[in-house]
2 protein chains.
Amino acid sequence: MSTTSTRSSSTDSAATRSRAERSRTVHAGLTAHDVVDAALAIVERDGGRALTMRGLASELGVTTTTIYWHVGNRDELVIALIEALAARLGTAEVVGETPAERVTDAAMNIWRNALAHRNVTALAGQVGATTLLELPLEISLLAELESAGLRGARARDAMRAILLCIAGFLVGAWRSDETVPEDLTPAALWAGVDDERVSAESLAAMGEPADLEALLAATLGAVVVGLLATASTKATASTKRESPDE
Amino acid sequence: MSTTSTRSSSTDSAATRSRAERSRTVHAGLTAHDVVDAALAIVERDGGRALTMRGLASELGVTTTTIYWHVGNRDELVIALIEALAARLGTAEVVGETPAERVTDAAMNIWRNALAHRNVTALAGQVGATTLLELPLEISLLAELESAGLRGARARDAMRAILLCIAGFLVGAWRSDETVPEDLTPAALWAGVDDERVSAESLAAMGEPADLEALLAATLGAVVVGLLATASTKATASTKRESPDE
DNA sequence: TCAAGTCTTGCACGGCGTTCAAGTGGTGTG
DNA sequence: CACACCACTTGAACGCCGTGCAAGACTTGA
């Protein structure tokens with residue numbers, strides 16, 4: 001009785017799934033791939049926090065135990081979900097004329113990709129699987145760094161610096177939708193500052209948000225210039241920047 | 001909704017004072033201050049994830065309901081905990097001769113403080129209350145930026161860029177203790193890369209960790225130089241040395 | 001037809017944040 | 001002194017979460 005078609009009427013999107021291909025058995029006809037796909041959809045739609053085993057199961061019209069049978073853990077599910085998105089993502093093309101421009105563009109590709117898939121990227125960051133998601137893009141960045149003359153430990157340090165800057169700006173970009181009491185928001189805190197060391201003009205400016213994309217581009221430009229300057233003599237910096245020791 | 005069921009600071013001070021004088025009733029004799037203190041100790045010791053209402057209650061020898069009576073929510077407890085640490089923290093002194101050096105040092109103060117209280121800082125980051133924890137240090141940074149000639153929107157952008165870079169490097173510094181399967185760690189992933197665009201030398205270098213502190217100092221140096229260069233013509237940061245001494 | 005393997009289920013455990021009605025004991029007031 | 005009031009504490013419960021176990025249902029090969 002309770003076995004044949006106990007589709008809970010809550011979600012009908014699951015009923016239209018690919019199971020209709022072959023035998024409409026009493027089994028749900030689920031694949032691990034299906035489960036991962038549904039989980040990925042949930043995360044992309046509602047964020048990683050909304051990915052709960054019970055919710056995923058009910059969305060698929062199944063019990064939680066079925067989920068566990070197909071993909072083991074929740075952690076493993078998250079990893080599989082990140083891998084699925086990584087496989088779906090193609091490497092973006094790098095544009096730019098000078099090496100510095102190309103390096104910056106490869107870095108901005110990572111930024112744009114992270115923004116386009118913010119929920120999965122944030123989830124990957126929480127479990128420490130960022131590299132798993134972004135490896136192809138990071139390889140492109142490393143290639144551009146090598147073209148710019150950095151190799152070995154220097155290239156690694158440049159990668160790390162750029163990647164971590166991007167990570168920080170992503171944190172800033174996601175900070176907006178965090179649930180902080182509105183009287184403790186940065187703008188409110190800065191509005192209450194009264195310090196003789198800082199001007200009222202700057203204090204007032206702290207309230208408004210900034211254009212993070214432009215700011216990141218400018219910051220990365222400066223970082224790249226600095227990194228290339230310490231590496232070789234062909235740092236075509238725009239201004240008077242020089243490395244004292246050579 | 002802000003101060004309905006919770007003991008806000010107005011009634012809180014009166015209650016704590018009368019109880020501090022004639023304390024230790026037959027009841028557990030708890031203060032909101034005590035609860036926050038214990039919670040702060042737990043977070044500093046075992047991390048924000050270990051802060052559970054039941055655990056905190058049992059550590060104090062009371063029931064969870066008592067916790068809820070003193071400090072309302074868990075979210076409010078976290079905020080209060082961050083505020084408590086912020087109040088306990090003094091502003092560090094900024095050293096350096098040139099404006100660029102002083103700006104960088106003020107920034108590194110934030111970094112060092114975040115490392116010294118990594119658990120609370122990470123928790124504050126998760127709830128979006130970073131500014132609440134670091135406001136005095138950020139004010140010092142803003143003051144140094146003004147001394148370096150940046151004001152208004154420019155100073156704000158400089159603050160944001162520096163702060164977000166620090167946030168990214170903190171993410172990197174904390175990444176080490178995340179529970180990722182060891183075959184999906186960045187080093188393992190890079191070890192499996194075989195791409196003709198990158199040299200084996202650089203590829204091998206990606207496996208080893210970097211000195212984040214030195215890397216951050218170098219990165220901030222470059223960012224500060226870039227920021228000051230775009231601001232005015234008097235950005236003579238030529239004395240800044242960032243020679244890799246190894 | 002029957003055994004083995006592949007799914008799927010119901011039920012349960014422990015832990016989490018949170019709420020609610022019911023106390024318990026000091027304290028000021030009549 | 002009695003009594004109401006108020007600050008504080010408790011036990012029990014609700015609904016959520018991740019997870020494991022034994023058993024059932026269906027498919028498949030012999």
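Every chain is numbered from 1, with letters handed out A, B, ... down the list of sequences. We use all heavy atoms of the structure for the numbers below, so side chains are in, but hydrogens, waters and symmetry mates are not.
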Measure [atom1]/[X] against [atom2]/[N] and give the value in whole Å, please.
X: I67(B); N: dG17(C); atom1: CD1; atom2: P; result: 11 Å
X: L56(B); N: dG15(C); atom1: CG; atom2: P; result: 17 Å
X: E76(A); N: dG18(D); atom1: CD; atom2: C1'; result: 13 Å
X: D75(A); N: dT19(D); atom1: CG; atom2: C1'; result: 12 Å
X: L77(A); N: dG18(D); atom1: CG; atom2: C1'; result: 12 Å

Validation: residues 125-144 of chain A side-chain donor-acceptor distances under 3.5 Å, sequence neighbours left out:
residue	atom	partner	partner atom	Å
T130(A)	OG1	R175(B)	NH1	3.4
S140(A)	OG	P136(A)	O	3.4
S140(A)	OG	R197(B)	NH1	3.3
E144(A)	OE1	R102(A)	NE	2.9
E144(A)	OE2	R102(A)	NH2	3.1

Any idea which of dG18(D), dT9(D), dG17(C) is nearest the Y68(B) side chain? dG17(C)
To the side chain of W69(B), which of dG18(D), dT8(C), dA7(D) is closest? dA7(D)
Stretch residues 41-53 of chain A: residues that reach within less than 4.0 Å of DNA chain D through a heavy atom: L51(A), T52(A), M53(A)
Sequence neighbours excluded, the answer for side-chain hydrogen bond (donor to acceptor under 3.5 Å, both in side chains) partners of N113(B) is none
How would you list, by chain and number, every residue that makes a side-chain hydrogen bond (donor to acceptor under 3.5 Å, both in side chains) with N109(B), sequence neighbours excluded? R112(B)
State, to the nearest 10°, the angle formed by the axis through the first five base pairs of the helix from dT1(C)-dA30(D) to dG30(C)-dC1(D) and the axis through its last five. 30°
For residues 204-217 of chain B, dump all side-chain donor-acceptor pairs below 3.5 Å to protein atoms at least two apart in sequence or in another chain.
residue	atom	partner	partner atom	Å
D211(B)	OD1	E213(B)	N	3.3
D211(B)	OD1	A214(B)	N	3.4
E213(B)	OE1	W111(B)	NE1	3.1

By side chain to side chain contact (heavy atoms under 4.5 Å, CB included) - contacts of A57(A) (at least two apart): T64(A), I67(A)
Quick one: list whatever passes side chain to side chain contact (heavy atoms under 4.5 Å, CB included) with A188(B), sequence neighbours left out. T185(B)
Within the 4.5 Å heavy-atom criterion, are R156(B) and W190(A) side-chain neighbours or not? no
For nucleotides 11-13 of chain C, give me every protein contact, N/O to N/O, under 3.5 Å, one pair per line with atom names.
none

Looking at N73(B), does any N or O in its side chain come under 4.0 Å of the phosphate oxygens OP1/OP2 on dG17(C)? no
Check the phosphate of dT9(D) against H70(B), side-chain N and O only, distance under 4.0 Å to OP1 or OP2. Yes or no? yes
Spell out, as yes or no, whether a donor-acceptor pair under 3.5 Å connects the side chain of D34(A) to the backbone of T31(A). yes
Pairs touching residues 118-127 of chain A that satisfy salt bridge (Lys or Arg N to Asp or Glu O under 4.0 Å), sequence neighbours left out: R118(A)-D177(A)
Provide the full list of salt bridge (Lys or Arg N to Asp or Glu O under 4.0 Å) pairs with a residue in residues 73-85 of chain A, sequence neighbours left out, each pair given once. none
Quiz: residues 41-55 of chain B side-chain donor-acceptor pairs under 3.5 angstrom, not counting sequence neighbours:
residue	atom	partner	partner atom	Å
E44(B)	OE1	H117(B)	ND1	3.2
R45(B)	NH2	E59(B)	OE2	3.0
T52(B)	OG1	R54(B)	N	3.3

